[in-house]
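First the structure, in the form of structure tokens, and then the observations on it.
Bear in mind the structure is a predicted one, so any value in this text is a computation, not a measurement. Letters A, B, ... mirror the listed sequences (proteins, then strands); counts begin at 1. Side chains are part of it too, since the values below use all heavy atoms of this structure and drop only hydrogens, waters and symmetry mates.
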Amino acid sequence: MTRKAADEHVGSPTAFSVRGLTKVYGTGEAEVRALRGINLDLREGELVVLLGPSGSGKSTFLNILGGLDNPTSGTVSFQGQEITALGAGGLTQYRRDHVGFVFQFYNLIPSLTARENVALVTEIAPDPLSPEEALDIVSLSDRIDHFPAQLSGGEQQRVAVARAIAKKPDVLLCDEPTGALDSQTGIGVLEAIEQVNREFGTTAAVITHNAAIADIADRVVIFADGALSEVRVNERKIPAAEVSW
Amino acid sequence: MSALNRKLLRDLWHIRGQALAIATVIACGVSTVVMSFGTLESLEITRDAYYEQQRFADVFAHLKRAPASIRDEIARIDGVRSVDTRIVEAANLDVAGMDEPVLGRLISLPRRGAVALNQAVLRRGRLPDGKRPDEAILSEPFADAHGLLPGDQIQATINGHKRRLDIVGIALSPEYIYAIGPGVIMPDDERFGIVWMGREAMAASFDLKSAFNDVSLSLMRSADKSAVIRQLDQILAPWGGIGAYGRADQISHAFVANEMEQLRSLGNIVPPIFLAVAAFLLNVVISRIITTEREEIGLMKAFGYSNLAVGVHYLKLVLLITAVGVALGFLVGAWFGRAVTELYADLLFRFPVLYFRFDLQIFAAAGGVSLAASGLGALGAIRSAVNLPPAVAMQPAAPTVYHRGLLNRMGLSKGLSQPTLMILRHLGRWPIRAGLTTLGISMAVAILVASLFFFDAVEHLLDIYFHHGQRQDATVVFSEPRDIGAMVEIGHLPGVMAAEPYRAVAVKLHLGARSERGSITGLDGETTLHRVLDRDLNAVSLPHTGLVLSTQLAEMLNARTGMRVRVEVLEGRRPVVDVPVTSIVEEYIAAPAYMRRAALNKLMGEGRLISGVYLQVDSQYSGQLYRHLKETPAVAGVSLQTAALDTFRKTMAETLNIMLFFYVLFGALIAIGVVYNSARVSLSERGRELASLRVLGFTRGEVSYILLGELTILTLVALPLGCIFGLGLAHVMVSNLNTELFRVPMVVAPATFAVSMLTVIAASAASGLIVRRRIDRFDLVAVLKTRE
């Protein structure tokens, strides 16, 4: 992709507006400052890759964006609403209506088939895809009635992606989605994320250790020691299929 | 401390909630054993010591009158250690504030220095002065019931003469631990009391100088009791003896023995259930711990720990939990046991002394059985840990394989939400555990049903006895059999609405090798007050000839309809006649036998004699009537049905309530133990799964539904199952608790099922809520980082 493609989100409305975000775990000597005053805007439809070493704060950042964790100070607004002001019930509702998650360890429900794992989310979403459509997007139509135990790691992660996108979320938050996968399988998962981002205009944030993956992003945000060390627009955005590591 | 042991303690601390729940269930079982058998043993020892100290007799006999010289003849019977002759007579007592007659049993005190049996224990005051014939001692329960103390006076009609008695002392007697008056079924301390008086005073009153009318024997250890009784009967027959009997037929002793038998039955039936449930809980929890620790197990083995060391490590955990439960059970059991023993000994039996003895054997047995049950319960789980190859163990367990179940194949799962499917699949995946959990919860229901049904049974028994069977308001007992004309006189007294005669004759019934002492009650054909009932509660018209036996008596004699029973009459001309059994009727209280009154008169070779009259009384005039009856010399006593009903309820309540209270409490604890543990195990197995759902936007309520919905289903299945088990358990209890004194009818009221189920539902809900609080506190971030 070209610079132009990356710039096309510049005029888009802001999805997330993060101001002065701080997260401190523990107190006294045990105090760990996971985030130190982060300021960042994510625009709608943007695909952002978060890079950084372990403990640099990127997971904490993503968890707060996803409404799984509360900051010590600072605010996060989503579509103009300050989600950091929401209570537990409000956050549940926010996750339910707007957020799709993909985790490193899939977190599928072992007692439900692929279709049912997706249906788990579509049943409580206002305007979802059908589970079949979602699984079709991640090319798993043929394994639709298999239980997690009967699927490979890559297949399980693709079910997780299908589950995340089935509700047509406004944002897709992925924490090391390829961390437990070999490169071939991992690329398949990235393609699925990319496709959702492209076709539904879903804002996507992907955490990775793997710098090669940064090539698929519109913007790359690099964390170091709880702060942003660099935010750069990706000059040469390439499709996931062309990434290799 | 070795690292492994330190791990053990930390593991234990980590699962402290569950461990405590299991220990509590074990403690329930252990404490039931310790309490039941400890109480039983303490009471038995106390009773035996009491009997020993007060020289409670082995054989008892009452007669009309025998010269004092007969005493030596009795003493010569082989096996007799000592003989005590007394004067025992009835008297009407007049206690301030009581309209109805109060019956006193006058017992002569031995002359100074004489060796006596059945000695009373003086609790207050002093013995009567031999020179003052009006001094008397009262039995303590009677004195307490009326607030009488030494220095007070009571009026008595003694052999037709009104006397004022000076109370100089209060005493207890091993012969009257339960004081039960003639013609009544339960002790009533308000209307029946024991009065001890000087021998000379009584001899003068009843014209029994140098004579006696009651004899007690103590026997040598080697004595043949039935032979002694036979010879004593022969000696006393010419003197109007009405049959000697041993302790087993002594009514107070029979009551005490009956109470203790019930304690023993309860102690035998209930504890095994607790221990089985505890074993199951340990199995589930230890299995779960071993699953979560498989990587540690692999590591331990990789480091070179032997299979044995690994097995012992987990066995220690089991034994530690069990030991806590056993210790808790010992403490609680000994503590409650002491309290219960004191309750029984002081309130019920009024033992003047009390010995506690909680035999080490009881503790050892309870502890040993608990440890064995726990070890056995956890054996399977521990074996799977031992058998785990280290390389396999160190890899995370493969995801649990689920299958689509029956519902899916039948196409019935379409309408179900995914959370509901999760519940059903989880149940289907672990059917044995689900089954055992259901079984555990149902055991809680069963214990409650089998405990609470006693109240229904007693109410049913009372309803039948007092509202269908014996519907008279009062029973008048004559001091001697009288002509039927006496009924007419009584019928004319104020307030009498209906009167029915009866004849009661003391007999010994023989069939084959069995014989039983009792009485035959002769009733008229069509009776409206005292009715004999069949199984359907219909009044039975007594057949013109033959004997009608109660089920209990028929069982004791092994008699069936059509058999001929030898009736040995113990009074009057003492005829011995073979009489056919014409029918058997269900009676829950005592073991009566009936005949047509005319047939009984004929058997006795007497005219139209009656022993007393059943009365229906207009309550407005009852006071007046009872005052009249008190003045009638021919009337030995009057017993009132309402009073009998009250005392029956009171006596049953006092004895059973204490133990049943614990069983109800323990039943609820079982429910909590099972549900809480199941929920915790589910939570630890599925915490990640459920937290993932929270991340996906499921509310706490929706997530709780998945976890608690499963328990709700199991509880719902367990409830009816528990009711069925409860019925079965109640049946076992009934067959264990039936005694000669009363049979427990197998009746369970709907309310008992309801209360049992509601108690278990409440206990389940409480444990569910505790676990639900954990769902509310899920760390959503942590759960995503770790791989199980």
Margin query: Per the side-chain hydrogen bond (donor to acceptor under 3.5 Å, both in side chains) rule, what does the pair list look like for residues 72-81 of chain A, sequence neighbours excluded?
Written below: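 Every pair satisfying side-chain hydrogen bond (donor to acceptor under 3.5 Å, both in side chains) with a residue in residues 72-81 of chain A: Thr22(A)-Ser73(A).
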Next item on the list: Give a yes or no on this: more than 12 heavy atoms of other residues, nucleotides or ligands lie within 6.0 Å of atom CZ of Arg773(B).
Entry: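 No - once you tally the heavy atoms of other residues, nucleotides and ligands closer than 6.0 Å, there are 12 at most.
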Check: Is the NE2 atom of His14(B) crowded by more than 12 outside heavy atoms at less than 6.0 Å?
Finding: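 At most 12 heavy atoms, drawn from other residues, nucleotides or ligands, come within 6.0 Å of this atom.
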[X] side, atom [atom1]; [Y] side, atom [atom2] - distance, nearest 0.5 Å:
{"X": "Leu696(B)", "Y": "Arg95(A)", "atom1": "CG", "atom2": "CZ", "result": "8.5 Å"}
{"X": "Ser692(B)", "Y": "Phe103(A)", "atom1": "OG", "atom2": "CZ", "result": "6.5 Å"}
{"X": "Glu702(B)", "Y": "Arg96(A)", "atom1": "CD", "atom2": "CZ", "result": "4.0 Å"}

Note to self: Among residues at least two apart in sequence or on other chains, which ones pass side chain to side chain contact (heavy atoms under 4.5 Å, CB included) with Leu112(A)?
What the structure shows: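 Residues passing side chain to side chain contact (heavy atoms under 4.5 Å, CB included) with Leu112(A): Ile109(A), Glu116(A), Asn117(A), Leu120(A), Gln418(B), Leu421(B), Met422(B), Arg425(B).
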Check: Using a heavy-atom distance cut-off of less than 4.5 Å, which residues of residues 87-94 of chain A contact chain B?
Finding: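 At a heavy-atom separation under 4.5 Å, chain B is reached by Ala88(A), Thr92(A).
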Check: Quick one: are Glu689(B) and Leu108(A) in side-chain contact, heavy atoms under 4.5 Å?
Finding: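 The answer is no; the side chains never approach within 4.5 Å.
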Check: So which part of Leu690(B) gets closer than 4.5 Å to some heavy atom of chain A, the side chain, the backbone, both or neither?
Finding: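 Contact with chain A involves no heavy atom of Leu690(B) at all.
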Next item on the list: Could you look at Arg700(B) and say if it's the side chain, the backbone, both or neither that has a heavy atom under 4.5 Å from chain A?
Entry: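 When you check distances to chain A, only side chain atoms of Arg700(B) fall under 4.5 Å.
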Under 3.5 Å, which donor-acceptor pairs do the side chains of residues 199-207 of chain A form with other protein atoms, sequence neighbours left out?
from      : atom 1 : to        : atom 2 : distance (Å)
Glu199(A) : OE2    : Gln195(A) : NE2    : 3.4
Thr202(A) : OG1    : Pro169(A) : O      : 3.4
Thr203(A) : OG1    : Gly45(A)  : N      : 3.2

